[in-house]
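Step one of this worksheet: look at the structure below.
Numbered from 1 within each chain, the chains take letters A, B, ... in sequence-line order.
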Amino acid sequence: MSKLAELQRVIAGIPRGKVITYGQVAAIAGFPGAARLTVRALYRGAGLPWHRVVAAGGRIALTGQEGQEQRLRLSMEGVTFRGDRVRMDRHAWNPKVRKQRRGS
DNA sequence: GCCTTGACAATTC
DNA sequence: AGAATTGCCAAGG
């Protein structure tokens, strides 16, 4: 398993209607502070929900048409915005908050 | 093995 | 508030 595959796994696990920051993805995958690795993972990754990954503070890093598309895709999934930023208060995905299914 | 590339992040001026 | 600076880590040439 390549390192980037770890990042890709995290990205692939983002549920619909939720978003996460580059830094968060990296941190969860085991590379705290390596937000740029997330970028690489997205470049290499195929079929990943790239639009669910945003920059710090819910900012959309992509520019031009790509950025517009990302925003469009997110809004279609129910994600709301505040100005040019995603409302992280509502849509930030916290894997740690995910409850383990099946109990005893 | 060194240098470059990346859709970043946090700090500072 | 916006621009500049530094740090971060892995993969490819």
Counting only pairs under 3.5 Å, give me each side-chain donor-acceptor contact of residues 44-65 of chain A, with atom names and distances, residues two or more places apart or in other chains.
{"from": "A:His51", "atom 1": "NE2", "to": "A:Glu77", "atom 2": "OE2", "distance (Å)": "3.1"}
{"from": "A:Arg52", "atom 1": "NE", "to": "A:Ile14", "atom 2": "O", "distance (Å)": "3.3"}
{"from": "A:Arg52", "atom 1": "NH1", "to": "A:Glu77", "atom 2": "OE1", "distance (Å)": "2.7"}
{"from": "A:Arg52", "atom 1": "NH1", "to": "A:Glu77", "atom 2": "OE2", "distance (Å)": "2.4"}

Check: residues 27-40 of chain A side-chain donor-acceptor pairs under 3.5 Å, at least two apart:
{"from": "A:Thr38", "atom 1": "OG1", "to": "A:Tyr22", "atom 2": "O", "distance (Å)": "2.9"}
{"from": "A:Thr38", "atom 1": "OG1", "to": "A:Ala35", "atom 2": "O", "distance (Å)": "3.3"}

Worksheet entry | For chain A, the stretch of DNA chain C it reaches, first to last nucleotide, under 4.0 Å of its heavy atoms | C:dG7 to C:dG12
Worksheet item: Should A:Met76 and A:Trp93 be counted in the same cluster of Ile, Leu, Val, Met, Phe, Trp and Tyr side chains packed under 4.5 Å apart?
Response: no
Practice prompt. Quick one: pull up CE in A:Met88 and OG1 in A:Thr21 and give me the separation to the nearest 0.5 Å.
Written response: 5.5 Å
Fill in: Value rounded to 0.5 Å, distance of CZ in A:Arg73 from CD in A:Gln70
9.5 Å
Worksheet, complete the sentence: In short, salt bridge (charged side-chain N to carboxylate O under 4.0 Å, His left out) pairs touching residues 6-23 of chain A with sequence neighbours left out are A:Glu6-A:Arg9
Worksheet item: Contacts to DNA chain C from residues 27-40 of chain A, heavy-atom cutoff under 4.0 Å, which residues?
Response: A:Phe31, A:Gly33, A:Ala34, A:Arg36, A:Leu37, A:Arg40
Worksheet item: Under 4.0 angstrom, heavy atoms only, what part of the nucleic acid is A:Leu4 near: base, sugar-phosphate, or nothing?
Response: sugar-phosphate
Discussion item. What is the first contacted nucleotide of DNA chain B and what is the last, in 5' to 3' order, if contact means an atom lying under 4.0 angstrom from a heavy atom of chain A?
Written reply: B:dT5 to B:dA10
Practice prompt. For C:dG13 versus B:dA7, give the span between their C1' atoms, rounded off to a whole number of Å.
Written response: 22 Å
Worksheet item: Are more than 12 heavy atoms from other residues, nucleotides or ligands located less than 6.0 Å from atom CZ of A:Arg87?
Response: yes
